[in-house]
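A short write-up of the structure that comes next.
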Amino acid sequence: MITESVQQVLTVLYPLYKEEVYQRREQMMRLTVIGSLGLITMLFAFLLSPYKARLTSFDTVFILLASLIWCGLFCGLIFQQQYRHRQAKQVLVQLEQALGFYEDGLVEEHQALYPHGWKTAWLSDRTGILYFTSLCSLAVLFLLALLCS
């Protein structure tokens with residue numbers, strides 16, 4: 001059993017880590033949207049440009065590298081947020097366990113407040129793959145448009 005002072009500390013830390021988890025996920029979504037909008041803008045600007053037929057090999061390589069750097073930058077930022085999100089989620093689950101959220105009888109008899117599967121559900125979260133796939137797919141579309149023109 002935990003002492004009252006430890007209980008108070010855990011009660012203060014829990015909402016902070018819960019908010020941290022939500023903020024990290026929101027930041028990953030925001031970065032995906034910004035990166036995707038940038039790539040979509042590049043694609044439409046290129047496709048609608050009357051000068052695309054005049055591009056030299058140097059211009060093509062320069063634009064290709066710029067789009068890859070853009071995509072890589074946002075993938076790196078998302079990866080960083082994902083790593084920190086996982087760390088915060090791990091601590092959050094530990095706090096939930098310490099507070100007894102997975103134990104039967106905390107709120108109702110013979111029933112836990114949180115399902116036991118929530119302790120490990122975050123380990124199988126694949127939303128990061130969705131973020132990376134979205135950005136990389138748009139980058140590939142742009143590169144195909146660039147190389148096929």
Side-chain angles (χ1 to χ4, degrees), residues 1-49 52 60-149:
M1 195 69 180
I2 57 178
T3 65
E4 188 175 326
S5 62
V6 172
Q7 175 83 22
Q8 289 174 340
V9 170
L10 294 176
T11 305
V12 169
L13 287 176
Y14 181 73
L16 296 174
Y17 272 94
K18 188 95 169 164
E19 185 63 28
E20 176 77 10
V21 167
Y22 287 127
Q23 285 178 353
R24 296 286 179 191
R25 180 165 308 274
E26 185 179 325
Q27 184 67 12
M28 287 186 287
M29 287 186 274
R30 191 176 305 123
L31 287 167
T32 303
V33 168
I34 294 169
S36 296
L37 286 175
L39 288 164
I40 290 169
T41 302
M42 286 183 225
L43 179 62
F44 278 106
F46 176 74
L47 291 175
L48 298 174
S49 173
K52 67 181 173 188
T60 303
V61 169
F62 182 78
I63 294 170
L64 185 139
L65 287 174
S67 65
L68 289 177
I69 290 169
W70 179 267
C71 181
L73 171 70
F74 279 90
C75 284
L77 291 171
I78 291 168
F79 182 74
Q80 181 184 48
Q81 291 298 317
Q82 184 182 35
Y83 177 74
R84 291 178 179 167
H85 170 78
R86 289 177 140 264
Q87 286 181 318
K89 185 64 178 174
Q90 186 176 10
V91 172
L92 183 67
V93 168
Q94 290 172 343
L95 289 169
E96 291 167 348
Q97 284 178 306
L99 290 169
F101 292 176
Y102 298 103
E103 296 175 16
D104 291 342
L106 182 66
V107 176
E108 289 186 33
E109 203 170 316
H110 305 295
Q111 187 176 355
L113 181 62
Y114 286 177
H116 289 284
W118 280 13
K119 285 191 245 183
T120 57
W122 63 276
L123 294 171
S124 60
D125 182 16
R126 301 290 179 242
T127 53
I129 293 171
L130 175 67
Y131 304 143
F132 296 128
T133 303
S134 300
L135 284 171
C136 292
S137 297
L138 287 168
V140 167
L141 280 176
F142 179 71
L143 295 178
L144 285 174
L146 185 64
L147 296 174
C148 291
S149 66

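Basis for what follows: all heavy atoms, side chains included, without hydrogens, waters or symmetry-related copies.
For the pair Leu113/Leu99, no side-chain contact is recorded, criterion being any heavy-atom separation below 4.5 Å from C-beta on. Leu135 has its side chain out of reach of Tyr131: every pair of non-hydrogen atoms, C-beta onward, lies at least 4.5 Å apart. Side-chain contact between Val93 and Tyr102: present, with at least one pair of heavy atoms (C-beta onward) separated by less than 4.5 Å. Using a 4.5 Å heavy-atom cutoff, the side chains of Asp125 and Lys89 are not in contact. Side-chain atoms of Gln82 and Phe79, non-hydrogen and from C-beta on, do get closer than 4.5 Å to each other. Side-chain atoms of Leu68 and Leu143, non-hydrogen and from C-beta on, do get closer than 4.5 Å to each other.
Once rounded to the nearest 0.5 Å, the distance linking OG of Ser137 with CZ of Phe132 reads 13.0 Å. The CD atom of Gln97 lies 5.0 Å from the NZ atom of Lys119; values are rounded to the nearest 0.5 Å. Thr32 OG1 to Gln81 CD: the interatomic distance, rounded to the nearest 0.5 Å, is 10.5 Å. Ser134 contributes atom OG, which lies 11.5 Å from atom CD1 of Ile129 (distance to the nearest 0.5 angstrom). Between the OG1 atom in Thr3 and the CD atom in Gln8 there is a gap of 8.5 Å [rounded to 0.5 Å]. Rounded to the nearest 0.5 angstrom, Ile78 CD1 and Arg30 CZ are separated by 12.0 Å.
Taking all atoms of both residues into account, the shortest heavy-atom contact from Cys136 to Cys75 is SG-SG, 4.1 Å. For the residue pair Ala88 and Glu20, the shortest heavy atom distance occurs at CB-CG, 3.6 Å. The shortest non-hydrogen separation linking Lys18 to Leu92 is N-CD1, 3.6 Å. Minimum heavy-atom separation, Val12 to Leu16: O-CG, 3.5 Å. Trp118 and Trp122 get closest at one heavy-atom pair: O-CD1, 4.0 Å. Closest approach of Leu138 to Ile40, counting heavy atoms only: CD2-CG1, 3.9 Å.
Between Phe46 and Phe142, the ring planes lie perpendicular to each other; the angle is over 60°, past the 30° to 60° tilted range.
With sequence neighbours excluded, no residue satisfies side-chain hydrogen bond (donor to acceptor under 3.5 Å, both in side chains) with Glu103. Annotation: salt bridge (Lys or Arg N to Asp or Glu O under 4.0 Å) contacts of Asp104 (sequence neighbours excluded): none.
Side-chain N/O atoms of Gln27 and Arg24 include no donor and acceptor closer than 3.5 Å.
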>> Could you walk me through whether Glu26 and Gln23 satisfy the side chain to side chain contact (heavy atoms under 4.5 Å, CB included) test, starting with their C-alpha distance in whole Å, then the side-chain angles of each, then the deciding distance to 0.1 Å, before giving a yes or no?
In response: CA-CA 5 Å; Glu26 185 179 325; Gln23 285 178 353; 5.6 Å; no
> Are Leu39 and Leu141 close enough, and set up right, to give a side chain to side chain contact (heavy atoms under 4.5 Å, CB included), and what steps lead you there?
Replying inline: CA-CA 9 Å; Leu39 288 164; Leu141 280 176; over 6 Å; no
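For Ser149 (side chain) and Leu146 (main-chain N/O), a donor-acceptor pair under 3.5 Å exists by modelled atom type.
Annotation for Tyr14: atom OH counts as buried by contact number, over 12 foreign heavy atoms lying within 6.0 Å.
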